[in-house]
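First comes the structure, then the notes that go with it.
Order of appearance sets the numbers: ligands from 1, and atoms from 1 within every ligand. Residues: numbered from 1 along the sequence shown. All values below were derived from every heavy atom in this structure, side-chain atoms included, with hydrogens, water molecules and symmetry-related copies excluded.
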Amino acid sequence: MRVLSGIQPTGNLHLGNYLGAIRNWVRMQEEMPAADAATGSADSRCFFFLADLHSISEHLAPADRLRNVREMTAALVACGIDPDRSVLFNQARVPAHAEMQWLLNGTARMGWLNRMTQFKDKAGKNKEGASIALFTYPVLQAADVLLYQATHVPVGEDQKQHLELTRDIAIKFNADFDVELFTIPDPYIPKQTARIMSLRDGTAKMSKSDPSDMSRINLTDDDDTLVQKVRKARTDPEPIPADPAELEGRAEATNLIDIYAAFSGQDRAAICAAFGGQGFGAFKPALADLLVHHLAPIRDRYVALKDDDAALDAILVKGAGKAAEAAAPTLKGAYEAMGLMR
Ligand code: TYM
């Protein structure tokens with residue numbers, strides 16, 4: 001088992017990132033045999049990285065990018081990623097990612113990339129003005145995964161299409177060059193928190209790029225802000241149903257109940273049984289309490305770490321060394337399979 005996943009270092013971690021992906025990263029890290037961590041064996045370690053090379057698909061001032069990478073590193077550690085157990089690094093420090101992307105550009109097809117919904121969403125009407133990096137972004141993502149022979153890729157629902165493309169690229173490369181170089185990875189997507197929705201609009205996913213900060217819970221929000229955001233979260237006028245089947249068609253209500261479920265460990269049925277017949281006026285304070293209880297310790301750890309550039313850089317440098325070592329054999333295998341001398 002080889003676990004790998006990445007996150008773009010843009011803005012702060014929000015609840016969608018946490019419940020869709022990062023919480024599973026931490027769980028998978030904890031499930032890795034302690035023996036491997038103790039002996040330093042890289043065989044079954046988890047690899048987690050800041051996708052700073054991906055972030056060049058949109059313009060950002062260099063100082064902001066640097067700050068974002070460090071802050072996101074602090075946030076991941078605050079959430080429970082342990083740099084001694086997992087390999088935590090930033091992509092730009094491991095040149096194998098950019099090299100492998102170039103090699104895979106020979107395998108990926110224009111038609112495949114043309115079907116990627118993320119490009120369509122992000123480029124919008126301005127396709128001609130979008131960067132080439134935004135278009136070829138999924139090929140770099142395939143390189144990230146395939147370099148490490150990842151078997152499990154814990155992500156939210158929105159990354160499923162990119163993982164399918166990764167599988168297609170791996171299968172085609174192996175077939176075209178008649179090798180068994182790449183492991184075919186599986187996405188690992190949580191059942192109920194695969195897609196956390198905006199607090200203002202139950203049809204849009206919670207996202208860093210939403211202009212309204214009230215639409216998302218940031219892991220850095222203070223207690224009062226958390227309470228305010230939950231109180232102002234959009235709902236409908238109906239009470240909470242006693243039967244969860246009646247949540248059908250009530251996107252905002254379902255989203256809040258699923259967030260409650262994720263932190264309380266209860267399922268929808270238990271929550272509906274407890275709050276059935278009551279309005280959201282009664283439910284929201286309970287949800288806010290739960291969020292404060294779980295998120296305040298993460299925020300406190302984050303605040304203590306986020307300005308310690310030396311410590312954060314040391315984590316990333318160490319992680320990059322381990323990542324480069326793990327990536328080297330696959331990169332070499334790809335050059336050789338393609339008849340390229342280096
Ligand atoms: P990014 O930075 O947009 O998001 C990081 C992770 O958070 C998940 N996520 C969500 N899950 C549930 N509900 C939401 N509202 C929500 N919003 C975000 C994402 O699915 C993701 O798992 N392309 C990737 C980064 C990447 C990557 C990789 C991931 C680069 N290379 C290789 C896996 C493997 C991205 O932009 O994620």
Side-chain angles (χ1 to χ4, degrees), residues 2-26 28 46-58 68-69 71-73 75-76 79 81 89-92 94 96-98 100-101 104 116-119 121-122 133-134 136-167 169-170 185-210 215-219 251 254-255 258-259 262 323 327:
R2 171 60 67 80
V3 175
L4 172 135
S5 200
I7 183 165
Q8 283 215 57
T10 34
N12 264 311
L13 267 185
H14 58 70
L15 200 62
N17 300 134
Y18 183 66
L19 294 179
I22 315 304
R23 200 163 71 146
N24 273 340
W25 297 11
V26 175
M28 291 167 108
C46 300
F47 288 76
F48 300 119
F49 65 92
L50 293 308
D52 49 4
L53 290 179
H54 277 105
S55 79
I56 68 159
S57 57
E58 280 166 67
N68 284 350
V69 169
E71 287 184 356
M72 191 60 92
T73 304
L76 294 179
C79 287
I81 299 298
F89 64 102
N90 64 304
Q91 221 179 9
V94 184
H97 289 251
M100 184 62 101
Q101 180 192 20
L104 297 181
M116 294 294 113
T117 54
Q118 178 180 287
F119 179 76
D121 291 348
K122 290 208 171 167
L134 189 65
T136 59
Y137 179 114
V139 186
L140 179 58
Q141 185 157 345
D144 300 336
V145 175
L146 300 178
L147 265 178
Y148 298 92
Q149 308 288 348
T151 55
H152 296 67
V153 185
V155 286
E157 174 82 29
D158 60 355
Q159 297 301 314
K160 201 173 163 196
Q161 196 186 36
H162 288 161
L163 265 298
E164 279 161 7
L165 179 89
T166 301
R167 291 168 62 94
I169 291 176
D186 277 312
Y188 185 87
I189 299 174
K191 278 201 183 69
Q192 268 192 359
T193 52
R195 197 172 164 82
I196 299 293
M197 308 311 280
S198 153
L199 299 182
R200 310 299 290 165
D201 173 2
T203 64
K205 71 172 184 187
M206 188 177 285
S207 147
K208 296 167 202 175
S209 50
D210 192 314
S215 72
R216 67 187 153 258
I217 304 263
N218 302 304
L219 266 61
T254 307
N255 191 40
D258 284 348
I259 294 172

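For atom 28 (C) of ligand 1, the closest non-hydrogen atom of the protein is Gln141 CG, 3.4 Å. Here the protein heavy atom with the shortest distance to atom 25 (C) of ligand 1 is Gly6 O, 3.6 Å. Gly16 O, 3.3 Å is the protein heavy atom nearest to atom 10 (C) of ligand 1. Scanning the protein heavy atoms around atom 23 (N) of ligand 1, the nearest turns out to be Tyr137 OH, 2.7 Å. When only non-hydrogen protein atoms are considered, atom 37 (O) of ligand 1 lies nearest to Gln159 NE2, 3.8 Å. Here the heavy atom of the protein found nearest to atom 31 (N) of ligand 1 is Asp144 OD2, 2.7 Å. In terms of protein heavy-atom proximity, atom 13 (N) of ligand 1 is closest to Ile196 N, 2.8 Å. Residue, atom and distance of the protein heavy atom nearest to atom 19 (C) of ligand 1 are Asp158 OD1, 3.3 Å.
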Begin with the C-alpha distance, continue with both residues' side-chain angles, and end with the deciding distance and a verdict on side-chain contact (heavy atoms from CB on, under 4.5 Å) for Leu50 and Asn68.
-> CA-CA 9 Å; Leu50 293 308; Asn68 284 350; over 6 Å; no
message = side-chain contact (heavy atoms from CB on, under 4.5 Å) for Leu163 and Lys160? Distances and angles first, verdict last.
response = CA-CA 5 Å; Leu163 265 298; Lys160 201 173 163 196; 5.8 Å; no
*Going through the checks in order, is the side-chain hydrogen bond (donor to acceptor under 3.5 Å, both in side chains) test met by Gln91 and His54?*
CA-CA 9 Å; Gln91 221 179 9; His54 277 105; 3.3 Å; yes
Start with the C-alpha gap between Asp186 and Arg167, add the side-chain angles, then the distance that decides, and say whether side-chain contact (heavy atoms from CB on, under 4.5 Å) holds. CA-CA 8 Å; Asp186 277 312; Arg167 291 168 62 94; 2.9 Å; yes
Residues Gln141, Asp144; criterion side-chain contact (heavy atoms from CB on, under 4.5 Å); working and verdict: CA-CA 5 Å; Gln141 185 157 345; Asp144 300 336; 4.3 Å; yes
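Listed by atom number, the atoms of ligand 1 under 4.0 Å from Ala21 heavy atoms are 6 (C), 7 (O), 22 (O). Atoms of ligand 1 found under 4.0 Å from any heavy atom of Phe49 (numbered from 1 in listed order, with element): 28 (C), 31 (N), 32 (C). Within ligand 1, the atoms closer than 4.0 Å to a non-hydrogen atom of Gly20 are 11 (N), 12 (C), numbered from 1 in the order shown. With ligand atoms numbered from 1 in the order given, ligand 1 contributes 22 (O), 33 (C) to contacts under 4.0 Å with heavy atoms of Val155. If you number the atoms of ligand 1 from 1 as listed, the ones under 4.0 Å from a heavy atom of Arg195 come out as 12 (C), 13 (N). The ligand atoms of ligand 1 that sit less than 4.0 angstrom from a heavy atom of Met206 are 14 (C), 15 (N), 17 (N). Using a 4.0 Å cut-off to heavy atoms of Val153, the atoms of ligand 1 that qualify are 33 (C), 34 (C). Every atom of ligand 1 with a heavy atom of Thr193 under 4.0 Å away is listed here by number and element: 12 (C).
Considering backbone and side-chain atoms together, Lys205 places no N or O closer than 3.5 Å to any N or O of ligand 1. At least one N/O-N/O distance between Asn17 and ligand 1 falls below 3.5 Å. Between Pro154 and ligand 1, a contact under 3.5 Å exists for no N or O pair.
Between Arg195 and Asn255, every side-chain heavy-atom pair lies at or beyond the 4.5 Å cut-off.
His97 and Tyr148 have their aromatic ring centers within a separation under 6.0 angstrom.
Neither the backbone nor the side chain of Leu19 comes within 4.0 Å of ligand 1, counting heavy atoms alone. When non-hydrogen atoms are compared, ligand 1 lies under 4.0 Å from the backbone of Ala194 (N, CA, C, O) but not from its side chain.
With a 6.0 Å radius and a threshold of 12 heavy atoms from other residues, nucleotides or ligands, Lys208 has its NZ atom above the threshold.
The closest donor-acceptor contact from the side chain of Thr193 to the backbone of Leu19 lies under 3.5 Å.
In this structure, Met206 CE and Met197 CE are separated by 9.5 Å, a value rounded to the nearest 0.5 Å. Between Ile22 atom CD1 and Leu219 atom CG the span is 9.0 Å, to the nearest 0.5 Å.
Ring geometry for Phe48 versus Trp25: interplanar angle under 30°, hence parallel rather than tilted (30 to 60°).
Nearest to atom 30 (C) of ligand 1 by heavy-atom distance, out of Gln118, Gln8, His54, Lys208, is His54.
Within the structure, the closest approach of His14 to ligand 1 falls below 4.0 Å when heavy atoms are considered.
Under the 4.0 Å criterion applied to side-chain N and carboxylate O atoms, Asp158 and Lys205 are assigned as salt-bridge partners.
Asn218 and Asn12 share no side-chain donor-acceptor pair at under 3.5 Å.
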